[in-house]
2 protein chains.
Amino acid sequence: MTAFKEHLSKHDIKPSVQRLKIYEYLHNSHNHPTADDIYRALAPSTPTLSKTTVYNTMKLFISNGVATVLNIEGNELRYDADTSTHGHFKCKGCGNVYDFRIARAPEFNGVEGFRIDKYEINLKGYCNVCKPKL
Amino acid sequence: MTAFKEHLSKHDIKPSVQRLKIYEYLHNSHNHPTADDIYRALAPSTPTLSKTTVYNTMKLFISNGVATVLNIEGNELRYDADTSTHGHFKCKGCGNVYDFRIARAPEFNGVEGFRIDKYEINLKGYCNVCKPKL
DNA sequence: TTGTTAATTTGTAATGATTACAAAATAGAA
DNA sequence: TTCTATTTTGTAATCATTACAAATTAACAA
């Protein structure tokens with residue numbers, strides 16, 4: 001995909017084979033994969049891939065603004081190629097992470113004068129597939 | 001503190017010596033300590049304390065509703081005795097975690113019919129002490 | 001092409017938080 | 001006291017992430 005190549009280049013990321021594959025996977029998968037998910041998904045078609053490369057690449061992607069990291073579960077980092085403002089819902093039943101739009105932004109009281117670089121809304125509960133099974 | 005004892009009892013937590021000390025520390029400290037912070041703060045006055053007890057106790061506190069867990073940083077869990085709705089701001093300069101009130105709640109689009117049990121707003125950036133030093 | 005240097009990727013070992021687990025200590029009831 | 005359930009403890013295991021140095025690849029001048 002030439003579009004992906006250009007997107008990475010535009011953000012000062014040299015589009016190596018590994019970086020392109022990782023970005024393509026991240027962009028096409030909407031399940032907010034962990035580094036391990038990415039590694040396991042790409043390893044068969046990229047036999048030499050190293051998990052360290054996945055971590056390195058994700059750090060690069062985040063600091064250059066083509067991905068974000070998701071702190072919704074304490075013991076794992078999840079990644080998202082959608083850098084627009086949106087929230088995440090993690091279902092305690094199936095474990096899926098759903099995106100949602102923020103229809104009305106919250107207002108804060110107590111961080112006046114602070115510089116806010118990142119803003120994350122995380123919900124947890126049961127999705128409408130799992131809720132009836134409780 | 002008898003008030004703490006009653007608070008724990010009311011939530012079906014037997015107020016053992018360890019649990020009381022941990023709850024008291026968590027309640028009085030407003031820095032959202034990690035399990036390790038709690039352990040290091042109490043170890044001198046509770047020589048037999050085990051870190052496993054801190055983890056066990058925090059799990060119990062959370063499932064019985066006297067504390068919440070904070071996923072603001074990927075590699076660590078932080079705890080909070082304030083179970084009311086509020087947000088957290090982590091400063092990338094000093095590392096402090098500040099509380100703030102949510103003056104106007106956000107509205108979501110895309111989780112209709114979901115059961116929402118927990119709702120977390122995390123901000124990151126620079127507080128007004130660290131911002132001028134950049 | 002070849003040679004040289006910088007950037008990228010890789011594998012292994014280390015780190016650090018959390019959990020599993022079983023033994024020891026303690027509390028509560030009979 | 002004695003018995004039993006609960007709580008606490010220490011150690012070992014797990015698992016995600018990072019550190020680091022060697023190997024590979026890319027860029028590019030000669």
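Note on naming: letters A, B, ... go to the chains in the order of the sequence lines (proteins, then strands), and numbering restarts at 1 for each one. Just so you know, these numbers use all the heavy atoms, side chains as well, and skip hydrogens, waters and symmetry mates.
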Report yes if some heavy atom in the side chain of B/Glu120 is under 4.5 Å from a heavy atom in the side chain of A/Glu120; otherwise report no.
-> no
Can you tell me if A/Thr53 and A/Asn56 form a side-chain donor-acceptor pair at under 3.5 Å?
-> no
Pair B/Arg101, B/Ser84: side-chain N/O donor-acceptor within cut-off below 3.5 Å = yes
Among residues 44-65 of chain A, which contact DNA chain C at a heavy-atom distance under 4.0 Å?
-> A/Thr48, A/Leu49, A/Ser50, A/Thr52, A/Thr53, A/Asn56
Would you kindly give the CD-to-C1' distance between A/Glu73 and C/dA17, to the nearest whole Å?
-> 15 Å
Minimum heavy-atom distance A/Phe100-A/His88, with the two atoms named | CE2-N, 3.3 Å
First locate atom OG of B/Ser63, then atom NE2 of B/His11, and finally report the distance between them rounded to the nearest 0.5 Å.
-> 11.0 Å
How far apart are the C-alpha atoms of B/Tyr23 and B/Thr57, what are their side-chain angles, what is the distance that settles it, and do they pass the side chain to side chain contact (heavy atoms under 4.5 Å, CB included) test?
-> CA-CA 9 Å; B/Tyr23 186 75; B/Thr57 301; over 6 Å; no
Report, as yes or no, whether the 6.0 Å neighbourhood of atom NZ on A/Lys92 holds more than 12 heavy atoms from other residues, nucleotides or ligands.
-> yes
Side chain to side chain contact (heavy atoms under 4.5 Å, CB included) evaluation trace for A/Asp37 with A/Arg78 | CA-CA 9 Å; A/Asp37 291 336; A/Arg78 291 178 169 273; 4.2 Å; yes
Which nucleotides of nucleotides 23-30 of chain C have their base under 4.0 Å from a protein heavy atom (B), which only their sugar-phosphate (S), and which neither (-), written as one string 5' to 3'?
-> --------
Which residue lies toward the 5' end of DNA chain C, A/Gln18 or B/Thr34, if each is placed at its nearest nucleotide?
-> A/Gln18
Aromatic centroids of B/Phe114 and A/Tyr98 separated by under 6.0 Å | yes
First contact, last contact: which nucleotides of DNA chain D are these for chain A, 5' to 3', heavy-atom distance under 4.0 Å?
-> D/dA16 to D/dC20
Check each of B/Asp99, B/Asn31, B/Val69, B/Leu26 against B/Asp80 using the side-chain contact (heavy atoms from CB on, under 4.5 Å) test, and report the only one that passes.
-> B/Asp99
